[in-house]
Amino acid sequence: MALASGVRFPARALLRPWSLLRDTTLGRSEPAAGGGGGGDGARLFGSQRVLVEPDAASGVAVMKFRNPPVNSLSLELLTELVISLEKVENDKTFRGVILTSACPRVFSAGLDLTELCGRNPAHYTEYWKAVQELWLRTYLSSLVLVAAINGACPAGGCIIALACDCRVLADNPKYHIGLNETLLGITTPFWLKDTYVNTIGHRASEQALQLGSLFPPSEALQVGLVDQVVPEDQVLSTALSEMARWLAVPDHARQLTKTMMRKATADRLLRQRDADIQNFVSFICRDSIQKSLQVYLEKLRQRKG
Ligand SMILES: CC/C=C\C/C=C\C/C=C\C/C=C/C(=O)SCCNC(=O)CCNC(=O)[C@H](O)C(C)(C)COP(=O)(O)OP(=O)(O)OC[C@H]1O[C@@H](n2cnc3c(N)ncnc32)[C@H](O)[C@@H]1OP(=O)(O)O
């Protein structure tokens, strides 16, 4: 499936894109902002791993990741997120999306490590294209995107949050946020580094990226990684209030300003997408990197037991 940013989608999505969007239970989901959550609109926008609760009256859709146990960004979740965002974006009823988690205690655990270990170069190519595509879609969205971060938010989870216009984090000391890639023995690509620098500044990024820092809520607020820290049961309502503030601004002026602020960063990737994919594939295929990732994944699995 060719999208605006030029990416081709997984073969199965190419053949039957909507096959990824079956099995929705959206009709039974809890009401969204303004109470419009259960109708046909929800069915239209949602999918197996992405619940969408559209509220036409407010022009806001709440999009919930549902890939248990930890919303790791599998190829399927990445694909479904891009398709759901594209659908909402193409429906002029909507002016804003709130991104949040339907899984308890975790916003997203980041890239799915099983997609990065023991696969072949063709798979890594397809996977990294999907990562790029989601980032471009979110970062350049003309909609207002607010992240309602209701759980842990490491690495790829933080990347999604950083692409939003505003971030609200639940005040729970276990809900760390940041780019911890170095602790896995991998590096952050330049376009994500740029996004970090744009958000928290050069010196703070230099430290946090090298150390792989994961910030608890109070520190995340202090460093400017999130805009608000609120009690857990107020994350969604605060995100809706933030959304209202952003939607009070005329769309055309806000959109032009967003583009002006973000274009240079996005263009850096758009100019060298293929090279970035090749870099990623040759990096991730290295024996030493595969070993680091496998050790990390094994530690995660053992920690549980
Ligand atoms: C040109 C570019 C060149 C090079 C770039 C190279 C690479 C790309 C770089 C950057 C982009 C971003 C990278 C990433 O996102 S890597 C992922 C990093 N994520 C993490 O480190 C988080 C790991 N997870 C956790 O810390 C915890 O799971 C979490 C705090 C999220 C939740 O804790 P909780 O106690 O609730 O659950 P667990 O028992 O730990 O986990 C349950 C279950 O899920 C598995 N799991 C967890 N995280 C992942 C994951 N990211 N991928 C896959 N699977 C994951 C975990 O192993 C458990 O599984 P099981 O034991 O089988 O039940």
Side-chain angles (χ1 to χ4, degrees), residues 49 65-78 81 101-119 121 123-125 127-135 138-139 149-163 169-170 172-196 205 208-217 268-286 288-305:
R49 297 169 189 81
F65 317 141
R66 182 184 57 179
N67 194 24
V70 292
N71 285 328
S72 60
L73 297 168
S74 62
L75 188 55
E76 287 79 9
L77 178 57
L78 291 169
L81 275 168
S101 168
C103 295
R105 299 179 303 282
V106 183
F107 180 75
S108 166
L111 301 193
D112 189 328
L113 294 167
T114 65
E115 302 274 12
L116 300 181
C117 287
R119 308 292 193 109
H123 178 82
Y124 296 136
T125 300
Y127 185 68
W128 198 246
K129 273 186 189 173
V131 173
Q132 287 180 339
E133 182 65 30
L134 179 64
W135 181 73
T138 46
Y139 193 66
I149 308 166
N150 52 349
C153 191
C158 179
I159 287 162
I160 294 179
L162 280 169
L169 174 60
N172 181 324
K174 290 186 177 160
Y175 295 173
H176 290 193
I177 180 169
L179 298 179
N180 61 327
E181 281 81 353
T182 51
L183 300 184
L184 285 74
I186 58 179
T187 54
T188 304
F190 70 87
W191 37 285
L192 299 177
K193 176 269 295 175
D194 289 346
T195 318
Y196 220 31
S205 297
L209 284 172
Q210 289 191 53
L211 294 172
S213 306
L214 286 170
F215 298 98
R268 273 194 84 196
L269 173 60
L270 287 168
R271 276 197 299 271
Q272 45 188 322
R273 273 182 93 162
D274 289 343
D276 183 65
I277 291 168
Q278 279 170 26
N279 274 344
F280 171 74
V281 174
S282 62
F283 180 81
I284 216 75
C285 285
R286 284 187 211 164
S288 58
I289 300 301
Q290 282 294 309
K291 200 163 179 195
S292 292
L293 289 173
Q294 269 151 12
V295 167
Y296 188 82
L297 191 52
E298 201 42 50
K299 270 192 197 149
L300 266 181
R301 287 174 174 154
Q302 281 170 2
R303 198 181 63 162
K304 194 180 173 193

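Counting convention: from 1, in listed order, for ligands and their atoms alike.
Checking only distances, Ala109 does come within under 3.5 Å of ligand 1, N or O to N or O. Considering backbone and side-chain N/O atoms, Asn180 comes within less than 3.5 Å of an N/O atom of ligand 1. The N/O atoms of Thr114, backbone and side chain alike, include none that comes under 3.5 Å of an N/O atom in ligand 1. Any N or O atom pair closer than 3.5 Å counts here, and Ile186 shares no such pair with ligand 1. Looking at ligand 1, you won't find any N or O of Leu300 less than 3.5 Å from one of its N or O atoms.
In this structure, Asp112 contributes its side chain and Ser72 its backbone to no donor-acceptor pair below 3.5 Å. For the pair Thr182 (side chain) and Gly212 (backbone), a donor-acceptor distance under 3.5 Å is present. Formation of a donor-acceptor pair under 3.5 Å by the Arg119 side chain with backbone atoms of Thr114 is found in this model. Of the possible donor and acceptor atoms, none in the side chain of Tyr175 sits under 3.5 Å from a partner among the backbone N and O of Pro217. With hydrogens and angles disregarded, a donor-acceptor distance shorter than 3.5 Å links the side chain of Ser101 to the backbone of Val106. The closest donor-acceptor contact from the side chain of Gln290 to the backbone of Cys285 lies at 3.5 Å or more, if one exists at all. Using modelled atom types, one side-chain atom of Glu115 and one backbone atom of Leu75 make a donor-acceptor pair closer than 3.5 Å.
Between Tyr124 and Leu116, the closest heavy-atom pair is OH-O, 3.3 Å.
With distances taken over non-hydrogen atoms, the option nearest atom 35 (O) of ligand 1 out of Arg301, Arg303, Gln132 is Arg303. Of all the listed residues (Val70, Leu297, Leu113, Ile289), Val70 holds the heavy atom that lies closest to atom 44 (O) of ligand 1. Here atom 30 (C) of ligand 1 lies nearest to Ala152 when heavy atoms of Cys153, Ser72, Ala152 are compared.
In Phe280, the parts holding a heavy atom less than 4.0 Å from any atom of ligand 1 are both the side chain and the backbone. In Leu184, the part holding a heavy atom less than 4.0 Å from any atom of ligand 1 is the side chain.
In summary, the atoms of ligand 1 found under 4.0 Å from a heavy atom of Gly110, numbered by their order in the structure, are 15 (O). Those atoms of ligand 1 with a heavy atom of Pro189 less than 4.0 angstrom away are 2 (C), 9 (C), 10 (C). Numbered from 1 in the order shown, with element, the atoms of ligand 1 that lie under 4.0 Å from a heavy atom of Glu181 read 9 (C), 10 (C), 11 (C), 12 (C), 13 (C). Here is the list of ligand 1 atoms found below 4.0 Å of a heavy atom in Trp128: 8 (C). Listed by number with element, the atoms of ligand 1 under 4.0 Å from a non-hydrogen atom of Asp276 are 1 (C). Near Asp112, the atoms of ligand 1 lying under 4.0 angstrom from a non-hydrogen atom of the residue are 52 (N), 53 (C). Near Asn279, meaning under 4.0 Å from any of its heavy atoms, are these atoms of ligand 1: 1 (C). Each of the atoms 22 (C) of ligand 1 lies under 4.0 Å from some heavy atom of Pro154.
Taking the side chain as every heavy atom from C-beta outward, Leu111 and Trp128 approach each other to under 4.5 Å. A heavy-atom distance below 4.5 Å is found between the side chains of Ile160 and Leu134. Side-chain atoms of Leu73 and Phe65, non-hydrogen and from C-beta on, never get closer than 4.5 Å to each other.
Put simply, part of Tyr296 is less than 4.0 Å from ligand 1, judged by heavy atoms. Ligand 1 lies out of reach of Arg105, whose nearest heavy atom is not under 4.0 Å from it.
For the ring pair (Phe, Tyr, Trp, His ring centres under 6.0 Å) with Trp191, the lone residue among Trp135, Phe280, Tyr196, Tyr139 that qualifies is Trp135.
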